[in-house]
Amino acid sequence: MWAKLVVITGIGASSMGMADQARFVPAKAPAHVYDGGWEHFVGGGVAVFDCDGDELPELFVAGGENPAQLMRNFSETDGPVKFIAQTPDILAVTGVIGAYPLDINSDGFMDLVVLRVGENKIYQGGADCQFREMDLPGFDGGESWTTAFSATWETGASLPTLAFGNYVDRDDPDGPFEACDENHLFRPDGAGYVQSTLSPGYCPLSMLFSDWGRKGRADLRISNDRHYYVKGGAEQMWAMEDVPRLMGEADGWNTHMLWGMGIASRDLDFDGINEVFLSSMGDQRMMRLVSDVAPEFEDVPYEQGTSAHRPYVGGDGRPSTGWHIAFGDVTNDGLDDVFIAKGNVEQMPDAAMDDPNNLLIQQSDGRFSEQGDIAGIATMARARGAALVDLNNNGLLDLVVVNRRVAIEVYRNTSTDTGHWLSLKLAQDGANPDAIGAWIEVAVEGRTYSREITVGGGQAGGAAGREHFGLGAAEAAQVRVIWPDGEVSDVIDMGVDRAWTIERVVAN
């Protein structure tokens, strides 16, 4: 099997001084605020995707009690970042917690899965950012308080499997504590869905389908909020067997209890297996897999610098509250960095009120150094959802932050002396056109970057489109793709500082 390459754009890298500090400057964005009562203490997600085919990503931003907003991207390549609010009436809905982009019907247009307080919505995308409600037999948007979502494409299916995480059961008269709702799973059945329940639920705020050990099957990891499950609950891993099964100690799954907020995954140590990063109230937990046969995870050492447990500026010494986690190499030095959105839930007295966002820059020894204040993104607003994406196609990752009761923040990455990069998108015919579940392997100078294509995680929002790889001083790369069905592409030689699309071609 081979692959066809399509060059989308090419921008020369900056001079190779190899910056050790990131720099961001505010960019103009339409006025928009995520607001509302206690049901909107959580959420505030942003979906990032290209809905008009110009290779620039748009933003669909949750509004809570305010209408959600679609921001069209009119940025200039390698120029100023510019968004204009152009929200179709059908998307200007209230009660939105967050949203995820996903091409559900495989027609080449990104659809939107919108999480709400009340009925969840699925909007079918069309040309020029037009949307309509999607007719999916067997899908029920329900009336729950939905705070988490993930999707995967199981073998042979014509539709993706959808998982919805529901927070507190608002109809439970004994709530809100120990009143967590059940979660819902929608599995394809021909042209429609069959719904089932994932129970018990422990008040999830993030969930992610991932092939945790590269065994060939994506299982569902759920991060739960101990503030409401209080006791008896824990983090969860569901084995996606014919009948989904909750993993336990017999499977090697350890009991982890935390005030879980967000999930992110990335292979940081170049062993081909993802580390997992969980945000929470208190310390943030970076975990690594320690077994070849079981889903057994352990925390990385404290000395690695990823706990980000207290504010680093502002003088508030109380524990931090982490929300969205995003990996990305912001200076293209070849090492992934981490952005963590921070902010008090509302008026939690035991948690910091002045709680700046983190930008953890990875060093050559694998440790992380806080540079949020130096980079210019250490604001004190109550941040929630976020995205670390290239907004103007210049090979540098920019930043979007959604705040509670404060306007959205958009930042342009202005770091200098940065390294080389690649931006890669996968495409295949038929179902699952964006190859959800595939792995991309990029080899440069004795090091291999492994990247899994997933949908979910974060804090009520995610990005669809290109995968960004910072490459440091490397001037060439060898790429191969392990497609969702396990077929492996030939190795492809690629020039750097380019955005490529890899189209799957199956020989007759």
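Values below: all heavy atoms of this structure, side chains included; hydrogens, waters and symmetry mates excluded. None of the values given here were measured: they were computed from a predicted structure.
A distance-only check finds a donor-acceptor pair linking the side chain of Ser279 to the backbone of Trp323 [under 3.5 Å]. Of the possible polar contacts, one joining the Thr147 side chain to the Pro204 backbone as a donor-acceptor pair under 3.5 Å is found. With hydrogens and angles disregarded, a donor-acceptor distance shorter than 3.5 Å links the side chain of Asn413 to the backbone of Leu397. Not a single donor-acceptor pair under 3.5 Å links the side chain of Asp181 to the backbone N or O of Ser144. With hydrogens and angles ignored, the 3.5 Å screen pairs a side-chain donor or acceptor of Asp50 with a backbone N or O of Asp52. Proximity of a side-chain donor or acceptor of His324 to a complementary backbone N or O of Gly385 within less than 3.5 Å is not detected. Judged by distance alone, the side chain of Asn393 and the main-chain N or O of Glu55 form a donor-acceptor pair under 3.5 Å. The closest donor-acceptor contact from the side chain of Asp189 to the backbone of Gly192 lies at 3.5 Å or more, if one exists at all. At least one donor-acceptor pair closer than 3.5 Å links the side chain of Asp211 to the backbone N or O of Gly216. Within the 3.5 Å criterion, the main-chain N or O of Gly458 finds a donor-acceptor partner in the side chain of Ser206.
Each of Asn332, Asp336, Asp329 was evaluated against His468; a single residue qualifies, Asn332, per the side chain to side chain donor-acceptor pair (under 3.5 Å) test. Checked against Ile502 for a side chain to side chain contact (heavy atoms under 4.5 Å, CB included), the options Gln428, Met494, Arg480 give a single hit: Met494.
Within 6.0 Å of CG on Asp292 lie no more than 12 heavy atoms contributed by other residues, nucleotides or ligands.
Considering all non-hydrogen atoms of both residues, Leu205 and Gly260 come closest at CD1-O, 3.5 Å. Residue Gln362 comes nearest to Phe368 through the heavy atom pair CB-CE2, 3.5 Å, listed as atom of the first residue, atom of the second, then distance. Taking each heavy atom of Ala463 and Val389 in turn, the nearest pair found is CB-CG1, 4.0 Å. Listed here is the closest heavy atom pair of His309 and Tyr302: CE1-OH, 3.3 Å. The heavy-atom pair separating Ser150 from Met207 by the smallest distance is CB-O, 3.5 Å. In this structure, Ala474 and Val496 approach most closely via the heavy-atom pair O-CG1, 3.8 Å.
Glu182 pairs by the salt bridge (charged side-chain N to carboxylate O under 4.0 Å, His left out) definition with nothing, not counting sequence neighbours. Under the salt bridge (charged side-chain N to carboxylate O under 4.0 Å, His left out) criterion, Arg132 pairs with no residue at all, not counting sequence neighbours. Listed by chain and number, the residues in a side-chain contact (heavy atoms from CB on, under 4.5 Å) with Asp251 are Arg245, Met247 (sequence neighbours excluded).
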For this session: Go through Leu360 and Ser369 one step at a time and tell me if the side chain to side chain contact (heavy atoms under 4.5 Å, CB included) criterion holds.
Result: CA-CA 5 Å; Leu360 305 179; Ser369 171; over 6 Å; no

For this session: Could you walk me through whether Arg504 and Leu426 pass the side chain to side chain contact (heavy atoms under 4.5 Å, CB included) test, one step at a time?
Result: CA-CA 8 Å; Arg504 187 179 190 181; Leu426 304 184; over 6 Å; no

For this session: Begin with the C-alpha distance, continue with both residues' side-chain angles, and end with the deciding distance and a verdict on salt bridge (charged side-chain N to carboxylate O under 4.0 Å, His left out) for Arg187 and Glu241.
Result: CA-CA 12 Å; Arg187 269 181 147 167; Glu241 299 170 353; over 6 Å; no

For this session: Show your reasoning for whether side chain to side chain contact (heavy atoms under 4.5 Å, CB included) applies to Asp111 and Asp103.
Result: CA-CA 5 Å; Asp111 310 310; Asp103 187 356; 3.7 Å; yes

Exercise. Does the side-chain hydrogen bond (donor to acceptor under 3.5 Å, both in side chains) test come out yes or no for Thr501 and Arg466, once each step is laid out?
Worked result: CA-CA 8 Å; Thr501 294; Arg466 303 194 166 278; 3.1 Å; yes

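Interatomic distance, Phe131 CZ to Leu70 CG, rounded to the nearest 0.5 Å: 6.0 Å. Rounding to the nearest 0.5 Å gives a distance of 8.5 Å between CD1 of Ile340 and CZ of Phe327. Taken to the nearest 0.5 Å, the CD atom of Glu275 stands 5.0 Å off from the CG atom of Leu268. Atom NE2 of His256 and atom CD of Gln236 lie 12.5 Å apart (nearest 0.5 Å). Considering CG of Leu162 and CD1 of Ile104, their distance stands at 5.5 Å, rounded to 0.5 Å. Note that CD1 of Ile325 and CZ of Arg266 are 12.0 Å apart. Values are rounded to the nearest 0.5 Å.
A salt bridge is defined here as a Lys NZ or Arg NE, NH1 or NH2 lying under 4.0 Å from an Asp or Glu carboxylate O, and Glu370 with Lys342 fails to meet this definition. Checked for salt-bridge contact, Arg221 and Asp219 miss the test: no charged N lies under 4.0 Å from a carboxylate O.
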Exercise answer: donor-acceptor pairs, residues 281-288 side-chain atoms, under 3.5 Å, sequence neighbours excluded:
residue : atom : partner : partner atom : Å
Gln284  : OE1  : Ser280  : N            : 2.9
Gln284  : NE2  : Gly282  : O            : 2.8
Gln284  : NE2  : Ala308  : O            : 3.4
Arg285  : NE   : Asp299  : OD1          : 3.4
Arg285  : NE   : Asp299  : OD2          : 3.4
Arg285  : NH2  : Asp299  : OD1          : 3.4
Arg285  : NH2  : Asp299  : OD2          : 3.2
Arg288  : NE   : Glu298  : OE2          : 3.3
Arg288  : NH2  : Glu298  : OE2          : 3.4

Could you pull out all donor-acceptor pairs under 3.5 Å where a side-chain atom in residues 193-202 meets a protein atom, sequence neighbours excluded?
residue : atom : partner : partner atom : Å
Tyr193  : OH   : Pro160  : O            : 2.6
Tyr202  : OH   : Gly232  : O            : 3.3

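A centroid separation of 6.0 Å or more is found between the aromatic rings of Phe60 and Phe49. The aromatic ring centroids of Phe139 and Phe164 lie less than 6.0 Å from each other.
Counting heavy atoms from C-beta outward, Phe339 and Val401 have side chains that approach closer than 4.5 Å. Residues Ile97 and Arg116 fail the side-chain proximity criterion, which asks for heavy atoms closer than 4.5 Å. When side chains are defined from C-beta on, Leu388 counts as touching Val330, because their heavy atoms get closer than 4.5 Å. Contact annotation: the side chain of Met257 approaches that of Tyr229 to within less than 4.5 Å [non-hydrogen atoms, C-beta and beyond]. Taking the side chain as every heavy atom from C-beta outward, Met240 and Glu154 approach each other to under 4.5 Å. In this structure, the side chains of Glu235 and Ile222 stay at 4.5 Å or more apart for every pair of heavy atoms. Residues Asp434 and Lys425 are in side-chain contact: their nearest non-hydrogen atoms beyond the backbone lie under 4.5 Å apart. Looking at heavy atoms from C-beta onward, Leu115 lies out of side-chain contact with Val96 at the 4.5 angstrom threshold.
The aromatic rings of Trp145 and Tyr167 sit perpendicular, their planes meeting at an angle over 60°, well past the 30° parallel limit.
For the side-chain hydrogen bond (donor to acceptor under 3.5 Å, both in side chains) condition, the pairs that include at least one residue of residues 446-457, sequence neighbours left out, are Ser210-Glu452, Asn274-Glu452, Arg451-Glu467.
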